[in-house]
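Structure record follows, encoded as structure tokens.
Chain letters run A, B, ... following the sequence lines, proteins first and then strands; every chain starts at 1. All figures in this text were calculated on a predicted structure; none of them were measured in a lab.
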Amino acid sequence: MDKIYQPAAIETSWYKTWEENNYFAPSGKGEAYSMVIPPPNVTGSLHMGHAFQHTIMDTLIRYQRMKGKNTLWQVGTDHAGIATQMIVERKLANETGQTRHDLGRAAFTDKIWEWKEESGGNITRQMRRLGNSVDWENERFTMDPEFQQSVEEAFISLYDEGLIYRGKRLVNWDPKLQTAISDLEVESKETTGKMWYLRYPLADGVTTDAGDDFIVVATTRPETMFGDTAVIVNPEDTRFASIVGKEIILPLVGRRIPIITDEHADMDKGTGCVKITPAHDFNDYEVGKRNKLPMINVLTFNADIREVGQGFNSDGTVNSEINCFIPEQYHNMERFAARRAVVSEFEALGLLVKIEENNMTVPYGDRGGVVIEPMLTDQWFADAKTLAEPTIKAVENGDIKFVPKQYENMFFSWMREIQDWCISRQLWWGHRIPAFYDASGKVYVAINEAAAREKYSLSADVTLTQDNDVLDTWFSSGLWSFATLGWPEQSDKLETFHPTDTLVTGFDIIFFWVARMMMMSMHLCKDQAGKPQIPFKNVYITGLVRDESGEKMSKTKGNVLDPLDMIDGISLTDLLDKRTGNMMQPQMAEKIRKRTEKEYPDGIPAHGTDALRFTLAALASTGRDINWDMKRLEGYRNFCNKIWNAARYVEMNTDGEDCGQNGGELELSLADRWISSKLQQIEIDVTKHLDEYRLDLAAQTLYDFIWNEYCGWYLELSKPVLWNEEASDAQKRGTRQTLVRVLEVIMRLTHPIMPYLTEEIWQSIKTLAGVEGDSIMLQTFPIANLDKVDTAAEQDIDWLKGVITGIRNIRGEMGISPAKELSILINNGSDSDKQRLADNRNFLMKLASLDNITWLNTGEQAPMSATQLVGDMEVLVPMAGLIDKDAELGRLSKEIEKLAKELGRIEGKLSNQKFVANAPEAVVAKEREKIAQFKAAQEKLVEQHGKIKAL
RNA sequence: AGGACUAUAGCUCAGUUGGUUAGAGCGCUACCUUGACAUGGUAGAGGUCGGCGAUUCGAAUUCGCCUAGUCCUACCA
């Protein structure tokens with residue numbers, strides 16, 4: 001073994017071995033345990049968030065596999081409709097200047113498939129490097145023919161049940177991408193806008209009670225006024241009661257529109273009069289439906305003003321009666337230009353009353369980044385309310401649990417208010433909706449044209465054309481948990497692995513994905529008894545991985561870290577290229593460059609997969625975002641090195657030696673019994689933490705045990721046995737065996753988090769440890785054996801540590817070189833101290849670097865010494881020639897002061913009658929014991945202080 | 001506007017049912033190339049647990065209010 005841990009050398013080959021031997025596939029034996037990966041975008045690449053989630057999932061699946069479960073980690077990728085289409089459109093524009101319309105639908109989707117082939121391997125390569133033990137043989141892609149079929153089947157059956165419908169509705173429309181999007185894809189941004197107060201003249205010479213021949217309405221979007229079809233006032237509003245039922249003449253257009261009453265008008269807001277534009281505002285749309293108002297669409301699909309509006313009745317049918325006139329100077333005007341133009345015209349006409357600054361939130365498309373328009377279009381919708389109902393119950397009654405639990409509230413509040421889900425998208429990349437239309441526009445839903453003809457008994461002379469729209473990406477990923485297992489076919493796999501056990505994902509897609517998967521699964525999947533099947537039992541919600549200053553990682557900020565760069569390292573030049581290359585806003589490049597040069601002047605060194613995974617696990621406290629800390633990664637890289645070197649030590653001392661594999665008498669030292677005893681508790685703790693998704697605590701437990709107990713104390717304690725020529729074969733055998741077996745168990749305990757290092761070490765020591773097997777990943781997870789718990793040994797070692805630490809403290813504080821061998825004396829020791837001293841003399845001499853220990857009997861005179869107390873026993877280091885008087889006085893004072901402070905606190909407590917009366921006896925007794933002990937110690941130290949001072 | 005979460009050492013974070021001398025890593029100080037490891041070892045400094053109040057014999061932990069920050073949902077004619 002090399003002196004320095006070199007991760008790259010061991011990490012590349014083991015993954016290949018595992019994969020080639022098909023260790024990742026379900027074993028077919030034991031209880032099932034399954035997870036699905038949240039399918040990443042097929043053309044994307046993994047970021048730190050993925051690395052984080054994949055580490056958690058891989059740790060869980062490796063742990064369950066080692067526990068003997070029949071494990072499946074379902075892997076695959078998502079076609080990610082809008083995102084992928086945008087990437088390829090941009091690429092096309094950059095390379096040839098063409099748009100997708102220049103190519104046509106078929107040629108363009110071919111281009112996307114090409115791009116998928118080209119870049120789709122990226123993710124899977126990264127996952128392999130991260131050590132993810134997914135079932136590659138059953139990799140799925142949401143656009144695979146089988147998956148496609150599942151999607152169509154789901155759509156058709158929901159349609160046949162009346163849970164999917166088509167209709168003309170107001171939807172969120174992205175004018176840049178020219179598609180409908182769902183509520184969830186809209187991001188609200190806070191901005192300061194303006195509110196314009198406009199005068200609408202009353203028709204027919206009517207005046208208000210105040211004597212005005214006009215009313216005033218307020219709006220933030222004047223350009224939509226071309227589509228106004230009513231003005232409302234509150235039915236209770238006496239100010240306007242007299243003009244209800246009268247009409248106004250819409251300026252610029254000349255259309256007469258009615259003044260009606262509706263609850264929506266708030267008497268205390270604005271002027272109390274509200275203009276209603278049902279085709280361009282969600283509230284107005286509702287008002288329009290309630291009052292059967294016509295709707296006039298005045299915008300084109302890219303949100304310019306139309307030449308003539310489109311009139312509809314409130315039920316969505318065409319209304320050819322209504323006057324849809326739009327003045328010529330506005331034709332094809334961009335929406336914000338039109339806004340300015342309308343305002344100036346109102347001003348010119350003397351109809352602009354005032355302008356107010358107005359804080360408001362404006363909706364933006366999360367992909368296109370432009371302001372969303374409510375747009376009246378024909379779309380497909382899913383009846384989310386009906387679908388949501390059983391999922392709410394499933395969470396309420398605990399069939400599905402969220403970790404951490406507070407996300408359940410978030411889930412409930414959304415699900416109980418859920419709106420119908422717009423599932424059609426005007427894109428080319430995705431699952432084309434299996435719906436066909438005849439010449440009259442009548443719709444037929446079936447898997448293909450032939451099926452449609454048969455299902456609806458259509459004669460051959462009816463021409464059918466398929467719907468041009470595709471389904472929302474989340475519609476298909478909503479089927480992920482069961483469509484990947486073969487649904488709608490009732491496959492064995494589906495039966496074995498569904499519902500899955502744990503879903504690990506980010507809170508940002510609880511609504512997008514988690515909730516949808518629950519709705520889809522519970523509606524479409526039934527168990528044998530016909531009961532709706534949940535997609536998963538537990539949802540582990542992870543936080544976000546942020547940069548060191550707590551900012552979200554994003555390309556535009558230039559603070560993105562690629563997990564592979566943590567693993568393999570990257571030079572500054574390459575890192576700069578990566579961060580500043582191919583930017584949407586090149587002006588940011590210089591800033592990012594400076595920032596990167598400052599943060600990583602030498603690039604990023606290699607740390608290895610295991611260190612990265614351990615770091616992510618250690619940071620994974622539930623319900624909290626992670627601020628990435630490069631120092632932490634370094635620390636855990638050092639931890640890997642520590643383990644590596646401990647293994648080297650073990651190998652050096654056991655390889656070719658008798659470790660008792662073939663029998664022979666064994667004598668275990670106190671240290672051997674102690675470390676074995678401690679190990680049992682660690683096994684219990686790690687198991688508990690992993691079962692409770694506390695990977696951070698599991699990692700912390702392992703770190704502390706391995707570094708401090710095993711390496712820090714036990715390896716040191718093994719030396720006095722192994723290097724002692726007087727030790728017997730049985731003693732050496734006992735220590736060697738303990739050394740190697742404990743290490744072997746540690747490797748298995750740690751393997752789920754750090755697969756590579758543990759496999760490498762395990763392979764080189766398995767024979768010495770007397771175990772057999774091809775790979776650590778197929779070994780059993782350690783189970784505590786309580787027979788090995790040895791409380792006496794643990795107490796003895798605590799005593800030993802106390803003596804050693806006491807002497808080291810004197811050395812440290814007094815500046816005595818560690819190389820200087822000391823003669824110490826023991827005073828006021830009990831019989832058990834004497835026994836312990838006799839048992840542990842070797843350990844003590846070696847670890848405290850002593851050349852002599854003298855036991856003082858009662859009454860024997862001790863030379864002037866520095867003193868450390870271990871219980872009542874005094875450990876004395878003679879001062880002569882070694883210790884400065886003032887330094888020792890200082891040290892003693894410090895100790896005395898500490899004790900005094902503590903004594904004051906406890907005495908206060910005990911003098912409180914209420915405490916003594918009310919606190920449990922054990923607590924009071926404990927305090928009394930402490931006080932006695934501290935008092936005795938204090939007295940001794942004070943006496944010592946006095947003696948030295950008198951010198 | 002409603003809700004959730006967070007606030008503990010210089011930094012990043014643990015602290016499970018109230019009783020610990022409040023912990024870890026990194027950083028800092030001093031000393032040390034001792035035969036696994038300087039990606040190391042030993043010792044040490046550093047905290048009125050955001051503020052106020054309540055409950056309790058006892059609060060970092062429970063409750064209320066406040067402050068600061070993050071996020072979500074809704075509304076904004």
Side-chain angles (χ1 to χ4, degrees), chain A residues 1 3-5 188 193 195-197 217-221 231-232 264-266 269-277 281 283-284 358-361 404 406-407 409-410 413-414 417 507-508 510-511 543-544 548 550 605 607 611 618-619 621 623-632 634-653 688 692 694 696-697 700 703-704 708 711-712 715-716 719 723 805 808-819 846 849 898-899 901-902 905-906 909 912-920 922-924 926-927 930 934:
Chain A
M1 289 173 84
K3 185 170 171 181
I4 298 282
Y5 162 65
S188 299
M195 174 115 78
W196 289 273
Y197 286 76
V217 295
T219 179
T220 54
R221 298 169 60 217
V231 169
I232 59 165
H264 175 63
D266 186 332
K269 269 190 195 167
T271 60
C273 301
V274 186
K275 70 193 250 330
I276 297 299
T277 322
D281 180 281
N283 284 317
D284 293 6
N358 186 35
N359 289 330
M360 53 189 195
T361 48
Q406 72 253 20
Y407 285 106
N409 291 329
M410 191 172 146
S413 65
W414 190 67
E417 299 290 310
F507 67 90
D508 49 333
I510 289 181
F511 302 142
L544 237 53
E548 33 273 282
H607 295 86
L619 291 168
S621 29
R624 205 177 170 127
D625 285 353
I626 287 181
N627 289 357
W628 182 250
D629 183 1
M630 204 56 94
K631 290 287 182 190
R632 199 89 185 245
E634 246 171 66
Y636 291 122
R637 191 265 325 265
N638 295 353
F639 179 50
C640 291
N641 185 59
K642 189 78 180 172
I643 296 176
W644 180 258
N645 278 292
R648 278 180 64 216
Y649 169 81
V650 172
E651 201 176 37
M652 280 169 161
N653 286 286
K688 176 172 176 277
E692 291 172 353
R694 291 303 303 266
D696 58 329
L697 298 180
Q700 185 55 45
Y703 184 94
D704 178 60
N708 297 324
C711 296
L715 294 193
E716 292 309 317
K719 290 172 185 174
W723 298 351
T805 310
R808 283 175 179 169
N809 174 270
I810 293 174
R811 274 186 200 274
E813 296 278 284
M814 299 300 123
I816 302 170
S817 153
K846 173 85 179 132
S849 188
K898 230 195 233 170
L899 284 168
K901 208 171 132 198
E902 200 44 33
R905 204 180 59 83
I906 303 172
K909 235 176 174 180
N912 180 351
Q913 280 313 307
K914 285 182 182 165
F915 170 71
V916 182
N918 291 311
V923 174
V924 179
K926 204 170 137 196
E927 296 294 336
K930 263 196 258 175
F934 288 175

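Here B/rU39 sits opposite no nucleotide as a Watson-Crick or G-U wobble pair (both hydrogen-bonding atom distances under 3.5 Å). Nucleotide B/rG25: paired with B/rC11 (Watson-Crick or G-U wobble, both distances less than 3.5 Å). The partner of B/rC57 is B/rG19, judged by Watson-Crick or G-U wobble contacts that both fall below 3.5 Å. Of all nucleotides present, none satisfies the Watson-Crick or G-U wobble test against B/rU34 with each distance under 3.5 Å. Pair assignment for B/rA4 gives B/rU70, based on Watson-Crick or G-U wobble hydrogen-bonding distances that are each under 3.5 Å. The pairing partner recorded for B/rG64 is B/rC52, the criterion being a Watson-Crick or G-U wobble arrangement whose two distances lie under 3.5 angstrom.
In the set B/rG19, B/rA43, B/rC75, B/rG19 carries the atom at the smallest distance from any side-chain atom of A/P920. Residue A/N645 places its side chain closer to B/rA36 than to any other of B/rU12, B/rU20, B/rA36. The side chain of A/K719 has B/rA36 as its nearest neighbour among B/rG19, B/rU21, B/rA36. The side chain of A/V923 has B/rG19 as its nearest neighbour among B/rU12, B/rG19, B/rA24. Residue A/K688 has its side chain nearest to B/rU16 when only B/rU12, B/rU16, B/rG44 are considered. Ranking B/rU12, B/rC26, B/rU21 by closeness to the A/K930 side chain, first place goes to B/rU21. Distance from the side chain of A/E927 is smallest to B/rU20 among B/rG25, B/rU20, B/rC37. Here B/rU21 is the nucleotide among B/rA24, B/rU12, B/rU21 with the atom lying nearest to any side-chain atom of A/F934. When distances are taken from the side chain of A/R905 to each of B/rA14, B/rU21, B/rG44, the shortest belongs to B/rU21. The side chain of A/F507 sits closest to B/rC71 out of B/rA43, B/rC71, B/rA36.
Proximity of A/N641 to the phosphate of B/rU39: no side-chain N or O atom is located under 4.0 Å from OP1 or OP2. For B/rA7, one of the phosphate oxygens OP1 or OP2 lies less than 4.0 angstrom from a side-chain nitrogen or oxygen of A/R624. Between A/K926 and B/rG19 there is no side-chain polar atom (N or O) within less than 4.0 angstrom of OP1 or OP2. When the side-chain nitrogen and oxygen atoms of A/N809 are compared with OP1 and OP2 of B/rU42, none of them lie within a distance under 4.0 Å. Note on A/R811: every side-chain N or O is 4.0 Å or more away from OP1 and OP2 of B/rC31. For A/S621 and B/rC13, the shortest distance from a side-chain N or O to OP1 or OP2 is not below 4.0 Å.
Using a 4.0 Å heavy-atom criterion, one finds that A/K909 contacts the sugar-phosphate atoms exclusively. Looking at heavy-atom distances under 4.0 Å, A/T271 makes no contact with the nucleic acid at all. Residue-level contact check: A/C711 touches the bases, meaning some heavy atom is under 4.0 Å from a base atom. Within the 4.0 angstrom heavy-atom criterion, base atoms lie near A/R637. Nucleic acid contact for A/F639: none, since no nucleic acid atom lies under 4.0 Å from a heavy atom of the residue. As judged by a 4.0 angstrom heavy-atom cut-off over every strand, A/T805 is placed among residues touching the sugar-phosphate backbone only. A/D266 comes within contact range of at least one nucleobase, with a heavy-atom separation under 4.0 Å. Residue-level contact check: A/M410 touches neither bases nor backbone, having no heavy atom under 4.0 Å from any strand.
A residue-by-residue look at A/D704 and A/N283 shows that A/D704 has its nearest nucleotide of RNA chain B further toward the 5' end. Place A/N912 and A/K846 on RNA chain B by their nearest nucleotides, and A/K846 ends up nearer the 5' end.
Both geometric conditions, a ring-centre gap below 5.5 Å and a plane tilt below 30°, are fulfilled for A/W723 over the base of B/rG35.
The distance from atom CD of A/E417 to atom C1' of B/rC72 is 14 Å, rounded to the nearest whole Å. Rounded to an integer number of Å, the gap from CD1 of A/I4 to P of B/rC37 is 9 Å. The CG atom of A/D625 sits 8 Å away from the C1' atom of B/rU70 (whole-angstrom rounding). Distance, A/N638 CG to B/rA36 C1': 15 Å, rounded to whole Å. Rounded to whole angstrom, the span from the OH atom of A/Y407 across to the C1' atom of B/rC5 amounts to 8 Å. In this entry the distance linking NZ of A/K642 with P of B/rU39 reads 12 Å, nearest Å. Between the CZ atom of A/R694 and the P atom of B/rA24 there is a distance of 18 Å, given to the nearest Å. Following rounding to the nearest Å, A/D508 (CG) and B/rC71 (P) show an atom-to-atom distance of 13 Å.
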- Query: Does the pair A/I643 and A/Y5 meet the rule for a side-chain contact (heavy atoms from CB on, under 4.5 Å), with working shown?
  - Reply: CA-CA 9 Å; A/I643 296 176; A/Y5 162 65; over 6 Å; no
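A cation-pi arrangement is present between A/K719 and A/Y649 under the rule of less than 6.0 angstrom and at most 45 degrees off the ring axis.
Within 6.0 Å of atom CD in A/Q406, more than 12 heavy atoms from other residues, nucleotides or ligands are found, so the atom counts as buried in its surroundings.
Contact annotation: the side chain of A/N641 approaches that of A/N645 to within less than 4.5 Å [non-hydrogen atoms, C-beta and beyond]. The side-chain heavy atoms of A/N653 and A/W723, taken from C-beta on, include a pair separated by under 4.5 Å. The shortest distance between side-chain heavy atoms of A/R632 and A/Y636 falls below 4.5 Å.
With rounding to the nearest 0.5 Å, the separation of CD1 in A/I626 from OG in A/S621 is 7.0 Å.
Using cut-offs of 30° and 60° on the angle between ring planes, the pair A/W414 and A/F511 is parallel.
Taking the charged nitrogens against the carboxylate oxygens, A/E927 and A/K930 do have a contact shorter than 4.0 Å, which makes a salt bridge.
Side-chain atoms of A/R808 and base atoms of B/rU42 include no donor and acceptor less than 3.5 Å apart.
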